[in-house]
Amino acid sequence: MTRKELFKNTLRKSVHAWKLINELPLSDDESLMLRHFMDQPGFLDLHWRMFVPAIKGQGTEEQKQKWLPLANKMQIIGCYAQTELGHGSNVQGLETTATFDPQTDQFILHSPTQTSSKWWPGGLGKVSTHAVIYARLITDGKDHGVHGFIVQLRNMDDHSPLPGITIGDIGVKFGNGAYNSMDNGFLMFDKFCIPRDQMLMRLSKVTREGKYVPSDVPRQLMYGTMVSVRQTIVSNASIAMARAVCIATRYSAVRRQFGSQNGGIETQVIDYKTQQNRLFPLLASAYAFRFVGEWLKWLYTDVTQRLEASDFATLPEAHACTAGLKSMTTSATSDGIEECRKLCGGHGYLWCSGLPELFAVYVPACTYEGDNVVLQLQVARFLMKTVSQLGSGKAPAGTTAYMGRAKHLLQCRSSIRKAEDWLNPAMVLETFEARALRMAVSCANNLSKFENQEQGFSELLADLVEAAIAHCQLIVVSKFIVKLEGEIKGKGVKNQLKNLCYIYALHLIHKHLGDFLSTNSITSEQASLANHQLRSLYTQVRPNAVALVDAFDYTDHYLGSVLGRYDGNVYPKLFEEALKDPLNDTVVPDGYHEYIRPLIKQHLRSARL
Ligand SMILES: CC/C=C\C/C=C\C/C=C\C/C=C\C/C=C\CCCC(=O)SCCNC(=O)CCNC(=O)[C@H](O)C(C)(C)COP(=O)(O)OP(=O)(O)OC[C@H]1O[C@@H](n2cnc3c(N)ncnc32)[C@H](O)[C@@H]1OP(=O)(O)O
Ligand SMILES: Cc1cc2nc3c(=O)[nH]c(=O)nc-3n(C[C@H](O)[C@H](O)[C@H](O)COP(=O)(O)OP(=O)(O)OC[C@H]3O[C@@H](n4cnc5c(N)ncnc54)[C@H](O)[C@@H]3O)c2cc1C
């Protein structure tokens with residue numbers, strides 16, 4: 001499809017999905033599922049996942065009563081317009097202004113520079129009638145920082161931009177189809193006026209007289225919509241990883257190379273330990289991310305309930321967990337999808353393998369909802385704060401509770417003696433805790449050598465990111481272990497999940513061996529034992545690998561992959577796909593008479609053939 005066709009077709013699908021949701025009708029969870037199977041980025045994502053939650057989280061009761069019924073019936077379509085051409089990560093650096101005019105009781109929205117143009121918001125370019133706009137609030141010449149506003153962008157009769165608004169699509173993005181179904185947009189305001197009651201005023205207010213009234217709740221609640229989306233992105237990472245792994249696992253069982261004896265069949269590539277060493281940790285990650293995603297959903301629900309009761313105590317942890325896990329799981333999934341492409345050899349590079357499109361549509365997850373490095377630095381700040389409070393009498397809680405055992409974890413030596421000890425959950429956990437704590441404490445010690453903490457922080461950024469990642473990996477390992485300790489129906493299933501849990505943990509040790517050795521969390525002998533155990537786990541997972549991906553229950557239609565077909569009938573179907581290519585419509589290609597024939601003829605003449 002051309003870009004225009006792709007965009008229009010996605011509009012068709014989105015509107016059809018919305019019709020089904022109402023007609024059947026579907027519950028909220030089922031509606032999310034439907035969107036998932038629609039399988040293309042589209043304006044519904046931003047409307048439901050960001051525009052509506054932003055109003056719910058930051059609007060007053062009156063604002064919610066006014067705007068939510070319209071949004072819930074999709075009589076208005078909204079998007080989330082925060083990022084600007086010049087500023088994305090640095091939200092406090094946004095330039096768009098919203099200046100209160102007491103004479104007209106309005107805010108004047110203005111884009112003072114080119115870099116202040118909104119740039120990137122999904123659904124903005126061509127579809128949205130409204131947006132939640134983030135802009136610097138100015139009253140009486142004073143800048144109060146960034147606040148949210150509900151703004152109508154387009155005329156409700158003919159969809160044309162309202163006077164004072166310049167709007168459009170930012171152009172083609174990575175990949176052929178991928179994210180190009182979405183109208184990520186730009187937007188400029190030229191002194192565009194909105195009524196005062198369209199500032200989202202749950203967190204702070206501007207009175208009729210133009211007085212700014214800050215609220216007594218933390219201003220970070222303005223970032224709440226991002227926290228909510230980051231949480232869903234973790235579960236989505238599991239879905240995308242599982243999809244790539246399903247394709248690569250099934251195909252690895254079909255594909256045979258070398259090893260034929262006396263004219264017999266060749267070896268299935270899934271039997272090579274190198275293939276297993278690349279594939280099975282990704283399979284384990286798909287399960288691990290699913291379980292940590294479930295836990296994160298619980299954490300998010302819990303913090304939401306607490307916030308409603310004005311208990312803000314767990315907000316920093318919820319922010320650190322959603323930011324860190326969003327970062328860690330999306331980076332691992334993007335890398336994992338690419339690894340799955342390579343695991344499928346040359347055929348993985350074919351469009352019909354389903355992997356190139358999956359990669360292209362998935363990879364921006366490392367950037368949207370916060371650049372992955374920037375987000376790990378938020379985790380690092382949280383960790384440094386926690387370490388600095390150790391010994392102050394304030395016991396660390398939640399995911400940092402392990403830091404409360406700092407004295408032990410800084411000194412302990414791993415008691416792993418034989419390979420099977422690596423199947424002991426307490427020993428594995430302690431290894432990850434020791435490594436995470438020691439990396440965090442080492443950063444804190446190095447920071448304390450700087451007179452200026454901020455200067456020290458910028459000097460140590462790379463180490464801080466690594467410490468943050470170590471903490472996030474510990475969370476994922478610990479939540480997998482907790483899952484195993486809970487209720488899992490079926491002993492066989494539990495055994496399979498146990499194998500995957502230890503593959504996940506031991507492979508991380510192997511991959512980040514430098515961290516584990518340099519922090520003396522394990523010895524090099526213990527590292528070899530971990531490798532030994534890992535190989536044994538691969539052997540145990542091997543007979544069940546295909547069943548473990550079948551368990552994801554993806555249809556062939558959803559996978560969209562010739563290599564990942566459930567029936568394994570890969571080669572005939574590769575031919576069928578190839579024959580569908582427009583280049584094969586004719587035997588002699590268009591351009592033969594123009595380019596190939598004259599070239600050949602010229603050579604034939606000169607060779608006198
Ligand atoms: C086939 C499949 C198809 C499609 C995809 C499928 C699925 C997708 C699934 C779901 C996706 C759904 C929707 C659509 C997808 C994409 C939409 C993307 C939308 C966007 O990208 S919106 C824009 C997002 N932008 C960002 O994330 C910007 C990142 N920057 C920031 O968040 C912050 O500015 C910061 C975190 C970098 C902070 O910067 P700062 O240090 O300058 O901070 P402040 O001074 O602002 O704050 C300091 C203080 O506040 C704490 N803090 C910061 N953030 C938060 C928060 N969110 N919550 C709570 N607390 C927060 C911080 O820790 C400091 O605390 P301290 O105690 O003072 O230290
Ligand atoms: C597909 C897609 C959809 C999007 N949808 C929306 C949307 O709906 N609404 C919306 O408002 N926005 C949206 N965005 C924008 C997105 O949120 C931003 O692109 C994202 O937050 C990253 O910001 P940036 O582009 O400014 O990156 P930058 O911050 O410019 O990052 C560039 C580089 O600088 C590094 N860097 C930046 N700051 C630091 C630091 N402090 N320390 C160390 N390194 C740093 C980063 O790690 C990165 O390597 C979308 C983006 C994409 C790709």
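Reckoned from all heavy atoms, side chains included, excluding hydrogens, waters and symmetry mates. Read the numbers this way: they start at 1 and go in the same order the structure lists the ligands and their atoms.
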Give the ring-plane orientation class for F107 versus F149, where under 30° counts as parallel, over 60° as perpendicular and anything between as tilted.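 F107 vs F149 ring planes: perpendicular.
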
Should [X] be counted as touching ligand 1, given the test is an N or O pair under 3.5 Å?
{"X": "Y368", "value": "no"}
{"X": "R219", "value": "yes"}
{"X": "T232", "value": "no"}

Of the side chain and backbone of [X], name the one, both, or neither that has a heavy atom under 4.0 Å from an atom of ligand 1.
{"X": "Y179", "value": "side chain"}
{"X": "R381", "value": "neither"}
{"X": "V91", "value": "both"}
{"X": "Y80", "value": "side chain"}
{"X": "V229", "value": "side chain"}
{"X": "R230", "value": "side chain"}

Give the atoms of ligand 2, by number and element, whose distance to some non-hydrogen atom of G122 is under 4.0 Å.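 So the atoms of ligand 2 that pass are 7 (C), 8 (O).
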
Which residues share a side chain to side chain contact (heavy atoms under 4.5 Å, CB included) with Q378, sequence neighbours left out: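 Applying side chain to side chain contact (heavy atoms under 4.5 Å, CB included) to Q378 gives H319.
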
With no hydrogens and no angle check, do the side chains of E84 and T96 hold a donor and an acceptor under 3.5 Å apart?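 The answer is yes; a qualifying pair exists.
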
With no hydrogens and no angle check, just 3.5 Å: does a side-chain donor-acceptor pair link Q152 and T129?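 Side chains of Q152 and T129: no pair found under 3.5 Å.
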
Verify [atom]: protein non-hydrogen atom under 4.0 angstrom away:
{"atom": "atom 43 (O) of ligand 1", "value": "no"}
{"atom": "atom 33 (C) of ligand 2", "value": "no"}
{"atom": "atom 30 (O) of ligand 2", "value": "no"}

L325 vs W295 side-chain heavy atoms within contact, under 4.5 Å: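 Heavy-atom side-chain distance check passes, below 4.5 Å.
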
I need the nearest protein heavy-atom contact for atom 46 (O) of ligand 1: residue, atom name and distance, please.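 Scanning the protein heavy atoms, the shortest distance from atom 46 (O) of ligand 1 goes to Y223 OH, 2.5 Å.
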
List the closest protein heavy-atom neighbour of atom 20 (C) of ligand 1: residue, atom name, distance to the nearest 0.1 Å.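 Answer, as residue, atom name and distance: E369 OE2, 3.4 Å.
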
For atom 62 (C) of ligand 1, which of M50, Q40, Q378 has the closest heavy atom?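 Shortest heavy-atom distance from atom 62 (C) of ligand 1: Q378.
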
Evaluating non-hydrogen atoms only, which member of L375, I239, V374 is closest to atom 37 (C) of ligand 1?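 Heavy atom nearest to atom 37 (C) of ligand 1 belongs to V374.
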
Is it the case that over 12 heavy atoms from other parts of the model lie below 6.0 angstrom from the NE2 atom of H159?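 Atom NE2 in H159 is crowded, with more than 12 foreign heavy atoms closer than 6.0 Å.
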
